[in-house]
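Residue numbers begin at 1 in each chain, while the letters A, B, ... track the order of the sequences.
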Amino acid sequence: MKYPVPRLLLGWLAVLVAAGLAPWYGAGPSGGLFALSISGFPPLLAVLSLVAAASFAAMAPGRGIPQIAFALGAIGVILFLPEIAGQTGGFRASEPLTSANQPPIGAGAVLTVIGLLGIIALGLMRRGLMGGESFGNHLLTFIVAVLFLFILMPLGEVFRTVLRADGELSVAASFMSRTTGSEIWSLACVSGSGRCGMAWNSIFLGAAVATSCTLLGLVAALYVTRTGLRRTGGVRLLSLLPLVTPPFVVGLALILLFGRSGTITVWAADLMGVRPSRWIYGPQGVWLAQTLGLAPLAFMVIHTVLLSVSPSVEEASSTLRASRWYTFRTVTLPLIRPGLAGAFLLSFIESMADLGNPLIIGGGFQVLATGIYFKIVGAQSDLGDAAGLGLVLLMISLMAFFAQSWFLKGASYVTVTGKGDSGRNALLPARVKFPVIVITIIWTLFIILIYGTVLVGGFAELWGRNYSPTLRHFEQAFGVTMGQYGIVWSGGAWNSFSTTLVIAGLAAPVTAALGLLTAWLIARCRFPGRVVFEFTAMLSFAMPGTVVGLAYVLAFNAPPIEMTGTAAILFFAFISRNMPVGVRVGLAQLSQIDRSLDEVSLTMGASQWMTVRRVLVPLLKPAIATAIIYAFVSAVTTLSQVIFLVSPRYDWATTYIVSLVENTNYGPAIAYSVVLIILLIAAIGLLQILLRQAVFRRRDTDAPLQPAVGEIR
Amino acid sequence: MTEDAVSFEKVIKKFGAVQALEEQNFTIAKGELVSMLGPSGCGKTTTLRLIAGLEMPTAGRIVIGGRDVSNVPTNLRSIGMVFQSYALFPHLNILENVAYGLIAKQTPKKQALVRAMAQLEQLGLAEKTYKLPAELSGGQQQRAALARALVLEPDVLLFDEPLSNLDAKLRRQVRDEIRDLQQALGLSVVYVTHDQTEALAISDRIFLMRNGRIEQSGSPRELYDAPRSEFVADFMGDANVLKVKAGADGHVRFGSIPVPGSLAPGAEAILVARPELLAIAREGQEGLPGRVARASYLGGVMEYRVETELGTLLIADRNVREPVRGGSDVHVLAAPEDLRLIPQTTLSI
């Protein structure tokens, strides 16, 4: 218990010394903490003395409280010096360095914070937290710091912005006008006297989408598990496709099919001799696109729950003289009711969060997500109003999220105990089976139609007018020519494509590691505040992408931490947003690994770190693969989260495609989407291969991604 | 230096508001095998995990091998533990499993593997060295888990219900192996079980636990023959537990047989008699008169339920050739020293 302390302490002190020499600011005055504070700049002098106090406290005997307090104080001064936090307008180099005029922090400050976190971790070890183990305490300290900096602080910034007084108005009045205006909550459309507010639009749309998704998901899940048909693999595969597709691609395909010059519209118009209409643009189009895009999620949730209904209860029912219909109605359906509720709320949340589809086929129909978008990038730019809308959206999502976890908790009573549960699930009664088969086939055909359109669309000269095949669009997006100085990446998509691949590729393993280690802390370690820790770690999951983007814009646009326009802001946004997936997957897998494996490792003298590395990591391989791939896929396909964070230099694939669509440049947009989808399918394929190598899986009832995603949600 | 392998001084363990363990004071000598016996929830596993450091005491001192380890984490204690599930690492082969602890303690890899190999040979697992745990039978897995704990030469070896995943026949064999090994190597062992025959067969001493405290400790014979409470009597195998009352002379009588020990006149007490120590007499007037309510043939023994004035008695009789028929009037015989009185005041509940 004692020996690691001195060695680690020396390490962290070395970090702090190096930090004092490194340039403190990212721009403006050069010089490290030592130099700048000696030159007499008071805030940095305060930081320096607190750092010194923390270091000395760490070297002196004691129980750790002083070093933790001093280190926290130093971090507090760095982050929250009141004059610089939220300062707008940036650093004015012409004016002298004052506490109200400071540039964003740089390497020196970042290193200092890292060193101070190390000191805090050592302090916690001294307090005997988690048996004084260094690994657990360091992990906890650094993850808490990440959660605080990249989730809680941005979220706090949203609240601060909503509560900032707007011109003449008082704080309360500004708050009310930003969160309760008629633009948001009007119900005029119900009486037919005008438009409804964005919040109601979001809620109505979400409810409609959730209903249709749940029904489709139920039908498909019944088709796969209860019809006794052999060929269900195709349905499963097709239903997975939308998951690897950026959500708005479905909307894009709908435009190609049903838009004014869409294939089907033109064909139907010719047939009936009427003018082609724009009917697809509007809530109905958004509804259709979201239903097609989100039903697979509902399918997965319901499928997982249906599989967990023990066959023996259905068999028992039939031995009690119940007909198939009676069994279905009185046993199967009630048992999966929590799953249905979960699927409904999940589709609802996802629909509320979707920005792409309302943006491209919403017409004049505004939902909260698009509202935020226009408040930030549009002509009516107003960050306060955007934050207000974000807050409303966040609250609705959070409520749905809590309702969902509550319902899914209720689902636990159908979980099988594991052993001795053989038997065969009851088949559907004829009156249910027939519609189930028909609807599933129609749905499948529709998905084939959508993806067929996307695939073919990229090769058509000008969709709707001229269908002659061409490679022009791919060339425009991904052209490579041999120039005077070697290869020239002349295609317009290369910039965003490479940014997407590199940043998503870098963020995915970090996200997965952070999520899984967080899961380990939650599941295997005991420390005060664990429940709060878990809640915070899962919080960003309920945050719609637009809200995350908005919060990041608000929090990281000004000193002390200024990251807008950099690749780092994208990286951290993905980490904080997708981390909960890793937590869920990790918790699910850890609950499958007997705790005695960890314990026996400890009894043999292995440290926590060795136990994690040598025992848990090998056993968690499937979870690691799932978490990495999921983090990668969701980072690549997201639009809402990145749309405010991208910059000309670091553009994202999805935002680039949407900008092409907005300019009705459909050809290259579709070509680009096809490339993305193929890439993601390859990624999923890789996941399957990795999973097949993991020999130690317990039960393999299903396609590997399915339980994982089912549990994630 | 102390001769104790483990000692508990005023150890208390609470989980939140729940008192899992009342104040515990005991010592386990070097080379001794002590069983923690009791029903589930009695605190036996908690005690074991406290020794292992998998739980930390709420109060009190735990000393292992002369060192105060009350606040020392598991991985820095000199213990070895065999889990109920064996907890062999499924992704490592048997040799790697056994070498794991040595490598954790920074033993050079080559040396660790050599020592692990030697340990496996000692336990007769040399052929299974490169197999994965899943490829071994239950008994072999058990031995591998034992090898893994032994190779570290711990001050105390802990077993958490190690036989409960084995079938009945194998259980007896492995039990004996553990005992032989313990005696041969002079190991200090704490052995948790809920099976009293296992505890009787294997232990130097038994701690019988109940509701977070040690109800009675002693040699197997003491616990079986001289239970100090109804609970102990009942837990240590079948027992007839009868409520009795002393006569005016302060003595209790079992029919014509005087029960040793004297009480206050008219005092109530519990009389304990083991079924196999009672006999049935068809004739004569000796003993306690009664009527056979049920006679069951169990293969090796006849089991009778006899109704008497003291209550219904269970009797195991080896004479299966000439069973007494149900409804017969009989006398129950016992040697006076096999009848044990427990004064009512020591009873809990």
Side-chain angles (χ1 to χ4, degrees), chain A residues 1-5 63-64 124-137 418-419 524-528 530-531 589 592-624 693-698, chain B residues 15-16 45 48-49 51-56 69-92 96-107 112 116 132-134 144-154 156-162:
Chain A
M1 186 166 100
K2 270 178 194 148
Y3 77 88
V5 176
R63 287 279 280 157
L124 292 176
M125 282 167 68
R126 280 183 158 192
R127 308 273 317 139
L129 198 64
M130 294 183 238
E133 277 272 3
S134 62
F135 178 67
N137 281 301
K419 281 179 194 167
R524 294 293 212 259
C525 297
R526 271 172 281 179
F527 50 90
R530 205 182 57 185
V531 178
Q589 282 276 320
Q592 300 261 303
I593 297 175
D594 195 349
R595 211 180 242 275
S596 59
L597 286 180
D598 308 22
E599 290 176 345
V600 81
S601 170
L602 295 176
T603 66
M604 287 190 288
S607 64
Q608 270 183 341
W609 166 231
M610 178 166 172
T611 306
V612 167
R613 192 167 47 94
R614 298 271 322 259
V615 178
L616 291 179
V617 167
L619 295 177
L620 281 173
K621 261 184 200 152
I624 294 170
Q693 283 175 346
V695 202
F696 311 108
R697 274 178 67 84
R698 293 249 163 139
Chain B
F15 293 109
T45 300
L48 193 78
R49 292 172 64 86
I51 300 173
L54 296 170
E55 307 288 349
M56 289 297 178
V69 295
S70 310
N71 290 312
V72 175
T74 303
N75 53 331
L76 302 179
R77 293 187 184 192
S78 175
I79 52 141
M81 185 154 170
V82 177
F83 285 74
Q84 186 172 1
S85 60
Y86 316 137
L88 291 169
F89 302 129
H91 58 298
L92 301 180
E96 289 166 331
N97 260 286
V98 176
Y100 182 94
L102 294 168
I103 291 167
K105 289 188 171 158
Q106 320 277 324
T107 314
L132 286 176
L146 182 57
R148 192 172 64 167
L150 277 177
V151 77
L152 296 173
E153 297 170 352
V156 56
L157 192 56
L158 311 171
F159 288 89
D160 186 8
E161 310 234 4

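- Comparing B/Val82, B/Val151, B/Leu152 by how many heavy-atom pairs each has under 4.5 Å with chain A, the most go to B/Leu152.
- For A/Arg614, the parts lying near chain B are the backbone and the side chain together; criterion is any non-hydrogen pair under 4.5 Å.
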### Verdict with supporting geometry, B/Asn75 and A/Met610, side-chain contact (heavy atoms from CB on, under 4.5 Å)
CA-CA 11 Å; B/Asn75 53 331; A/Met610 178 166 172; over 6 Å; no
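- Atom CZ of A/Arg613 sits in a crowded spot, with more than 12 heavy atoms from other residues, nucleotides or ligands closer than 6.0 Å.
- Going from atom CE of A/Met604 over to atom CE of B/Met81 covers 12.0 Å, rounded to the nearest 0.5 Å.
- With a threshold of 4.5 angstrom between heavy atoms, B/Arg49 approaches chain A through side-chain atoms but not through N, CA, C or O.
- Contact annotation: the side chain of A/Pro618 never approaches that of B/Leu92 to less than 4.5 Å [non-hydrogen atoms, C-beta and beyond].
- Chain A forms the most heavy-atom pairs under 4.5 Å with one residue out of B/Pro154, B/Ala104, B/Ser85, and that residue is B/Ala104.
- Taking OG1 of A/Thr603 as the start and CZ of B/Arg148 as the end, the distance is 7.0 Å to the nearest 0.5 Å.
- Contact check for B/Tyr100 versus A/Val615: side-chain heavy atoms found under the 4.5 Å cut-off.
- Closest heavy-atom contact between B/Pro90 and A/Leu597: CD-CD1, 4.0 Å.
- Looking at B/Phe89, both its backbone and its side chain come within 4.5 Å of chain A, counting heavy atoms on both sides.
- If you measure heavy-atom distances from B/Met56 to chain A, you find no contacts under 4.5 Å at all.
- Partner of A/Leu602 under the side chain to side chain contact (heavy atoms under 4.5 Å, CB included) criterion, chosen from B/Thr74, B/Leu76, B/Ile79: B/Thr74.
- B/Leu88 touches chain A through its backbone: at least one of N, CA, C or O sits under 4.5 Å from a heavy atom, while the side chain does not.
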